[in-house]
A.B. asks: 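Pasting in a structure now, in structure tokens, and then I'll have a few things to ask.
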Amino acid sequence: MELRVSAVVTALLLRLTCTGAHQPPGEPAYDPGLPPDLHSPHGSLWPLPQTVVISSMVYRLSSVTFQIVHSAESTASVGCSILDNAFRRYYYYIFGSSTGSSQRQATLNSTGGRGPGPGELRQLQVTITSSDPECNQHPRITSSEAYEITVAQPAATLKSETVWGALRGLETFSQLVYEDEYITHLINKTEITDAPRFSHRGVLLDTSRHYLPIKVILKTLDAMSFNKFNVFHWHIVDDPSFPYQSVTFPKLSEQGAYHPVTHIYTLKDVQTVIEYARERGIRVIPEFDTPGHTQSWKGQSNLLTPCYNGEKPSGTFGPINPALNTTYDFMNQFFKEISWVFPDKYIHLGGDEVNFACWKSNPTITEFMKKQGFGSDYRKLESFYVKNVLDIVTSNLKGYIVWQEVFDNRVKIKSDTVVEVWMARNMKAELSKVTLAGFTTILAAPWYLDYISYGQDWQKYYQVEPLNFNGTVAQKKLVIGGEACLWGEFVDATNLASRLWPRASAVGERLWSSEETKDLNDAYKRLTKHRCRMVQRGIPAEPLFVGYCDYEYKDYKEFN
Ligand SMILES: *[C@@H]1O[C@H](CO)[C@@H](O)[C@H](O)[C@H]1NC(C)=O
Ligand SMILES: *[C@@H]1O[C@H](CO)[C@@H](O)[C@H](O)[C@H]1NC(C)=O
Ligand SMILES: *[C@@H]1O[C@H](CO)[C@@H](O)[C@H](O)[C@H]1NC(C)=O
Ligand SMILES: *[C@@H]1O[C@H](CO)[C@@H](O)[C@H](O)[C@H]1NC(C)=O
């Protein structure tokens with residue numbers, strides 16, 4: 001009897017669970033008989049621009065006649081390769097895909113012709129207004145990404161101060177173009193004024209836990225540009241492996257990489273990534289995390305602390321040894337190299353999760369602690385080390401970003417240090433504290449995309465409001481952005497793209513669009529189409545929910 005009841009209850013529960021599972025939160029129940037209504041007044045724009053007015057007047061674009069060109073009044077012209085390449089790239093994003101759709105075309109051709117069509121739009125004219133368009137520069141934290149688009153006859157126009165705004169505007173323009181059922185390319189009459197809400201919009205990739213082939217990194221940079229991200233935080237080395245091939249210290253990767261030849265990033269590889277990123281308006285910030293997370297730095301002798309088992313060395317090694325002068329000689333040379341290899345103003349110095357057990361076991365360290373008057377406070381030892389490294393980096397005219405522990409442990413940091421908040425616990429209190437102390441802040445805590453779960457977790461990332469903490473207006477101004485972090489324990493080339501996209505897209509819109517952009521229903525519609533567009537452009541972004549794309553993923557040929 002009891003058994004029977006419990007079986008019925010179980011069956012009911014199962015049924016409820018299943019029904020619930022097939023219903024997108026915030027959406028009406030899915031009806032398999034009808035395709036979901038994906039019409040948004042904002043089309044398929046992602047991230048949503050600050051102001052958009054789309055009218056119902058429609059123009060036609062022809063792949064034969066349409067051109068993206070420099071306007072006569074632009075301060076940039078043919079020869080500004082960053083724009084020339086972007087013009088070519090976006091022409092392909094707009095028209096390239098239809099060449100692979102002959103089957104759809106054939107089916108549709110037989111469904112009949114069309115009447116007199118809409119007027120044709122023949123040009124997008126791009127105007128750079130600043131006397132220095134920055135064609136040959138690298139994007140910076142202070143670069144303007146603002147732009148304006150007008151789609152109207154006789155030509156569409158895109159205006160920005162420098163090339164960086166133009167790159168963002170080209171992406172937006174390409175998102176305005178759509179195909180009708182006859183595969184005709186259409187665009188509505190539109191006015192857009194746009195600029196990002198936050199200036200630091202990053203994606204972190206981890207190339208230590210798994211090696212990521214250069215091609216995978218470049219594809220990620222493509223996808224980042226589709227989502228208007230502008231920082232590639234390259235967590236390049238960590239405990240498991242050291243794939244960065246140092247010019248000054250080649251032994252580091254010889255002994256620290258998973259494979260000294262096939263699983264490394266040469267200087268040329270790194271420069272390829274930096275240039276590819278630059279062409280898409282993306283800064284590359286490398287992270288060399290110390291003194292913890294350094295097991296793979298074993299190629300440099302006497303750098304890591306030998307751990308002791310009682311009186312004797314145990315044969316294992318701990319964090320970097322802060323008690324030796326040779327450590328700082330090494331760091332000086334190493335960061336001199338990093339400072340010229342990576343042109344960005346900032347280097348990420350890590351500083352998280354330092355385990356003190358090995359330091360505690362080592363007699364040389366104990367002696368050093370005594371001499372320095374640190375007592376038994378190993379945080380003081382850590383601070384001593386970090387302070388020295390920060391000074392080394394400063395002497396190379398670089399700024400630095402550190403994980404929040406460096407601030408929490410009261411290391412003396414320069415007033416222009418950027419503190420990255422990553423711990424989800426007490427995140428709001430931490431934001432209050434860091435900004436109250438006057439430090440510029442980046443938020444990563446709510447966006448650890450390596451944590452996966454069933455369902456539409458993009459909504460959770462989307463609903464985060466970065467400035468929802470107690471603080472003054474001045475404090476809130478110090479939050480310059482955030483990062484979507486894809487740590488590499490369970491990620492390599494096989495699943496990186498589908499795990500990152502479109503989940504990171506939610507973070508992309510949160511960091512670009514206005515605070516008022518938070519309608520989940522509208523976001524669902526736009527993101528569903530944006531995800532199909534990424535698929536069409538060769539990124540195997542995973543689906544949000546039940547549905548289909550006009551162009552399903554099938555190893556599309558690359559656009560570059
Ligand atoms: C574009 O114009 C068409 C035709 O008037 C209209 O149906 C459609 O809703 C418009 N698109 C947007 C995003 O407003
Ligand atoms: C469909 O029609 C277009 C335009 O008339 C034509 O260019 C194309 O070759 C046709 N495609 C097929 C597969 O018949
Ligand atoms: C390390 O450098 C400091 C400061 O220059 C100096 O006082 C100290 O004697 C040096 N220690 C060793 C072991 O050379
Ligand atoms: C801000 O502080 C007030 C009062 O101390 C508290 O009630 C509130 O929850 C805090 N808000 C946030 C977002 O932390």
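The analysis underlying the following values was restricted to heavy atoms, covering all of them including side chains, and did not include hydrogens, waters or symmetry mates. All ligand and atom numbering here is 1-based and tracks the order in the structure.
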A.B. asks: In a check of side-chain contact (heavy atoms from CB on, under 4.5 Å) between Pro322 and each of Val386, Thr327, Thr290, Thr305, which one passes?
C.D. replies: Thr305

A.B. asks: Compute the shortest N/O to N/O distance between His42 and ligand 1 and return yes if it is under 3.5 Å, no if not.
C.D. replies: no

A.B. asks: So which heavy atom in the protein is nearest atom 6 (C) of ligand 1, and how far is it from that ligand atom?
C.D. replies: Asn188 ND2, 4.3 Å

A.B. asks: Need the ligand 1 atom indices (1-based, order shown) with element for anything under 4.0 Å from a heavy-atom of Ser56.
C.D. replies: 2 (O), 4 (C), 5 (O)

A.B. asks: In the complex you have, is atom 2 (O) of ligand 3 within reach of the protein, judged by whether a heavy-atom distance drops under 4.0 Å?
C.D. replies: yes

A.B. asks: Under 6.0 Å between ring centres, would you say that holds for Phe95 and Tyr90?
C.D. replies: no

A.B. asks: Would you say the ring centers of Phe66 and Tyr91 fall short of 6.0 Å from each other?
C.D. replies: no

A.B. asks: What is the nearest protein non-hydrogen atom to atom 10 (C) of ligand 3, stated with its residue, atom name and distance?
C.D. replies: Asn325 ND2, 2.5 Å

A.B. asks: Would Tyr178 count as a contact of ligand 1 if the rule is a heavy atom under 4.0 Å away?
C.D. replies: yes

A.B. asks: Check whether Tyr462 forms a cation-pi arrangement with Arg510 (NZ or CZ under 6.0 Å from the six-membered ring centre, at most 45° off the ring normal).
C.D. replies: yes

A.B. asks: Could you tell me whether Arg503 and Asp457 make a salt bridge, using a distance below 4.0 angstrom between a side-chain N and a carboxylate O?
C.D. replies: yes

A.B. asks: What atoms in ligand 1 come closer than 4.0 Å to a heavy atom of Gly43?
C.D. replies: 13 (C)

A.B. asks: I need the atoms of ligand 1 closer than 4.0 Å to a non-hydrogen atom of Val58, numbered in the order shown.
C.D. replies: 2 (O), 3 (C), 4 (C)

A.B. asks: Looking at Arg197 and Glu465, is any side-chain nitrogen of the basic one under 4.0 Å from a carboxylate oxygen of the acidic one?
C.D. replies: yes

A.B. asks: With a 3.5 Å distance limit and no angle check, can you tell me whether Gln50 reaches the backbone of Trp512 through a side-chain donor-acceptor pair?
C.D. replies: yes

A.B. asks: In terms of residue, atom name and distance, what is the protein heavy atom nearest to atom 14 (O) of ligand 1?
C.D. replies: Ile54 CG2, 3.5 Å

A.B. asks: Could you find the nearest protein heavy atom to atom 9 (O) of ligand 1 and give me its residue, atom name and distance?
C.D. replies: His39 CE1, 3.3 Å

